[in-house]
Amino acid sequence: MANLLLNCLGSLQPPAPPKLPDSPSFLMPPEASTVAGEIDWLFNVILVICTIVTVGVVAAMIYFVRKYGAKSRSHNEQGEPSSGHNTVLELTWSIVPLVVVIPLFVWGFKGFVNLRTPPRDSLEVQCTAQKWSWLFEHSGFASNELVVPVNTPVRVIIRATDVLHALWIPAFRTKMDAVPGRYTDLWFEATQTGTFPIHCAEYCGRAHSDMWSRVIVKTQDEFEAWKKAEQDKADNILPQDLGKKLSLERGCLTCHSVDGTALVGPTWKGLFGTTESYADGSKVLVDENHLKESIEDPQAKIRVGFPPSMPTFKGQLNDRQLTGLVEYIKSLK
Ligand code: CUA
């Protein structure tokens with residue numbers, strides 16, 4: 001048991017932690033988004049008010065303890081009679097805090113509405129959280145890092161495939177839960193180029209604290225060049241390598257193994273070129289067309305011995321990606 005635990009711990013390779021960019025503030029990460037300044041300002045105002053109140057309360061307490069503390073004690077001594085009512089005092093302790101708290105509410109609410117309202121022309125990024133990594137997809141590319149142009153509103157549409165996670169970008173002062181079974185979103189506009197850490201801010205299991213990534217903010221020109229380079233890379237990738245990449249990104253390998261093990265679905269190893277039996281009594285040769293059909297319309301032919309549980313991928317893959325997957329399955333002899 002102890003050995004098992006040690007093996008488990010030993011197999012966890014702690015990745016290098018993200019390097020924190022330089023910040024002008026000792027307490028805070030750099031202010032790298034349009035909302036960061038306002039949020040820090042409100043945070044500092046609340047911090048100052050809390051400090052004044054704390055110091056005031058403690059000072060008054062010490063003063064009153066010294067002034068009214070019993071100098072000598074006797075059991076039948078009567079205390080000072082309490083005054084029943086003091087209108088001026090009661091109005092003061094109601095109105096003064098109200099005057100302090102209402103502006104804080106107004107500023108906080110304005111900030112909240114702003115954070116929840118992405119500009120209409122935002123660049124949209126799909127984000128998928130999964131134990132224990134982030135996948136970002138935009139402009140047709142998938143990456144484990146978020147690459148965005150500077151001075152451009154970006155809306156990140158977030159989902160989780162397993163448990164709760166939370167996408168947190170401290171330098172942008174923004175954070176949102178990733179919830180299985182629904183979409184959530186956040187938006188930001190980066191105001192400076194550079195690399196900023198992304199963390200998971202919801203405890204999600206063993207490797208939660210390793211579930212970090214980076215947002216890379218590029219100038220508009222660098223961003224266009226990056227897109228072009230990614231496009232070239234994507235154009236030049238061998239179909240079967242593209243298929244291998246997709247099989248990981250799209251979750252195919254959750255149900256299909258590549259080593260001969262039967263999981264929820266049939267293994268891909270040695271699948272191509274065999275003749276298989278189907279639930280309707282037919283026998284079909286597994287060729288390119290049959291694989292294409294099974295990806296786009298998985299319920300058309302159900303393999304004997306497997307549940308009809310595969311979702312369709314029709315419309316989710318373009319021709320190149322479909323060919324890539326078929327070629328990858330073919331290569332698994
Ligand atoms: Cu994902 Cu914590």
Just verifying a value: how many Å separate [X] [atom1] and [Y] [atom2], rounded to the nearest 0.5 Å?
{"X": "Met176", "Y": "Cys127", "atom1": "CE", "atom2": "SG", "value": "12.0 Å"}
{"X": "Leu322", "Y": "Leu291", "atom1": "CG", "atom2": "CG", "value": "9.0 Å"}
{"X": "Glu202", "Y": "Lys175", "atom1": "CD", "atom2": "NZ", "value": "8.0 Å"}
{"X": "Thr92", "Y": "Leu89", "atom1": "OG1", "atom2": "CG", "value": "6.0 Å"}
{"X": "Lys292", "Y": "Asp287", "atom1": "NZ", "atom2": "CG", "value": "12.0 Å"}
{"X": "Phe64", "Y": "Met61", "atom1": "CZ", "atom2": "CE", "value": "11.5 Å"}

With a 6.0 Å cut-off on ring centres, are Trp268 and His256 close enough?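 Yes, close enough.
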
State whether [X] and [Y] are salt-bridged, where the test is any N-O pair (Lys NZ or Arg NE/NH1/NH2 against Asp/Glu carboxylate O) under 4.0 Å.
{"X": "Glu224", "Y": "Lys228", "answer": "no"}
{"X": "Lys330", "Y": "Glu327", "answer": "yes"}
{"X": "Lys301", "Y": "Asp280", "answer": "no"}
{"X": "Asp241", "Y": "Lys245", "answer": "no"}

What residue among Val284, Leu271, Leu285 forms side chain to side chain contact (heavy atoms under 4.5 Å, CB included) with His290?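 The passing option is Val284.
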
Heavy atoms, side chains only, cut-off 4.5 Å: are [X] and [Y] in contact?
{"X": "Leu246", "Y": "Tyr328", "result": "no"}
{"X": "Val45", "Y": "Leu104", "result": "yes"}
{"X": "Gln220", "Y": "Thr152", "result": "yes"}
{"X": "Ile49", "Y": "Thr51", "result": "no"}
{"X": "Ser257", "Y": "Leu263", "result": "yes"}
{"X": "Pro30", "Y": "Phe196", "result": "yes"}
{"X": "Arg155", "Y": "Ile157", "result": "yes"}
{"X": "Leu146", "Y": "Ile198", "result": "yes"}

Hydrophobic cluster identity match, Val179 and Ile158, side-chain contacts under 4.5 Å: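 The answer is no; the residues belong to distinct hydrophobic clusters.
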
Verify same cluster id: Val35, Phe43 (apolar side-chain graph, 4.5 Å):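 Val35 and Phe43: separate clusters.
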
Between [X] and [Y], is any side-chain donor less than 3.5 angstrom from a side-chain acceptor?
{"X": "Asp221", "Y": "Thr219", "result": "no"}
{"X": "Thr191", "Y": "Thr34", "result": "no"}
{"X": "Thr275", "Y": "Lys283", "result": "no"}

Is it the case that the side chain of [X] and the backbone of [Y] share a donor-acceptor pair, with hydrogens and angles ignored and the cut-off at 3.5 Å?
{"X": "Gln299", "Y": "Met310", "value": "yes"}
{"X": "Thr267", "Y": "Lys269", "value": "yes"}
{"X": "Asn318", "Y": "Arg320", "value": "yes"}
{"X": "Asp162", "Y": "Lys131", "value": "yes"}
{"X": "Ser122", "Y": "Pro118", "value": "no"}

Should Glu31 and Arg173 be marked as a side chain to side chain contact (heavy atoms under 4.5 Å, CB included) after you check the CA-CA gap, both sets of side-chain angles, and the distance that decides it? CA-CA 8 Å; Glu31 293 175 350; Arg173 308 292 190 273; 3.6 Å; yes

Do Leu123 and Phe223 pass the side chain to side chain contact (heavy atoms under 4.5 Å, CB included) test, and can you show the C-alpha distance, the side-chain angles, and the key distance before you say yes or no? CA-CA 12 Å; Leu123 173 76; Phe223 182 71; 4.2 Å; yes

Give me the ring orientation class for His165 and Trp134: parallel if the planes are under 30° apart, tilted from 30 to 60°, perpendicular past 60°.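 Taking Trp134 first and then His165, their aromatic rings stand perpendicular (interplane angle over 60°).
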
Going by the angle between their ring planes, with limits at 30° and 60°, are Phe188 and Phe172 parallel, tilted or perpendicular?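 The rings of Phe188 and Phe172 sit tilted, inter-plane angle from 30° to 60°.
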
Asp40 vs Met28, side chain to side chain contact (heavy atoms under 4.5 Å, CB included): CA-CA, chis, key distance, verdict: CA-CA 9 Å; Asp40 285 3; Met28 297 289 209; 3.9 Å; yes

Mark yes when over 12 heavy atoms from residues, nucleotides or ligands other than [X] sit less than 6.0 Å from its [atom1]; otherwise mark no.
{"X": "Asp319", "atom1": "CG", "answer": "no"}
{"X": "Arg303", "atom1": "CZ", "answer": "yes"}
{"X": "Lys244", "atom1": "NZ", "answer": "no"}
{"X": "Glu38", "atom1": "CD", "answer": "no"}
{"X": "Tyr183", "atom1": "OH", "answer": "no"}

Decide yes or no on side chain to side chain contact (heavy atoms under 4.5 Å, CB included) for Val148 and Phe136, but give the supporting numbers first. CA-CA 11 Å; Val148 295; Phe136 299 97; over 6 Å; no

Test side chain to side chain donor-acceptor pair (under 3.5 Å) on Glu145 and Ser143 and set out the steps. CA-CA 5 Å; Glu145 292 174 331; Ser143 159; 5.1 Å; no

Audit row: His138, Trp226, ring-ring contact (aromatic ring centres under 6.0 Å, His included) steps and yes/no: CA-CA 12 Å; His138 58 103; Trp226 170 81; 5.7 Å; yes

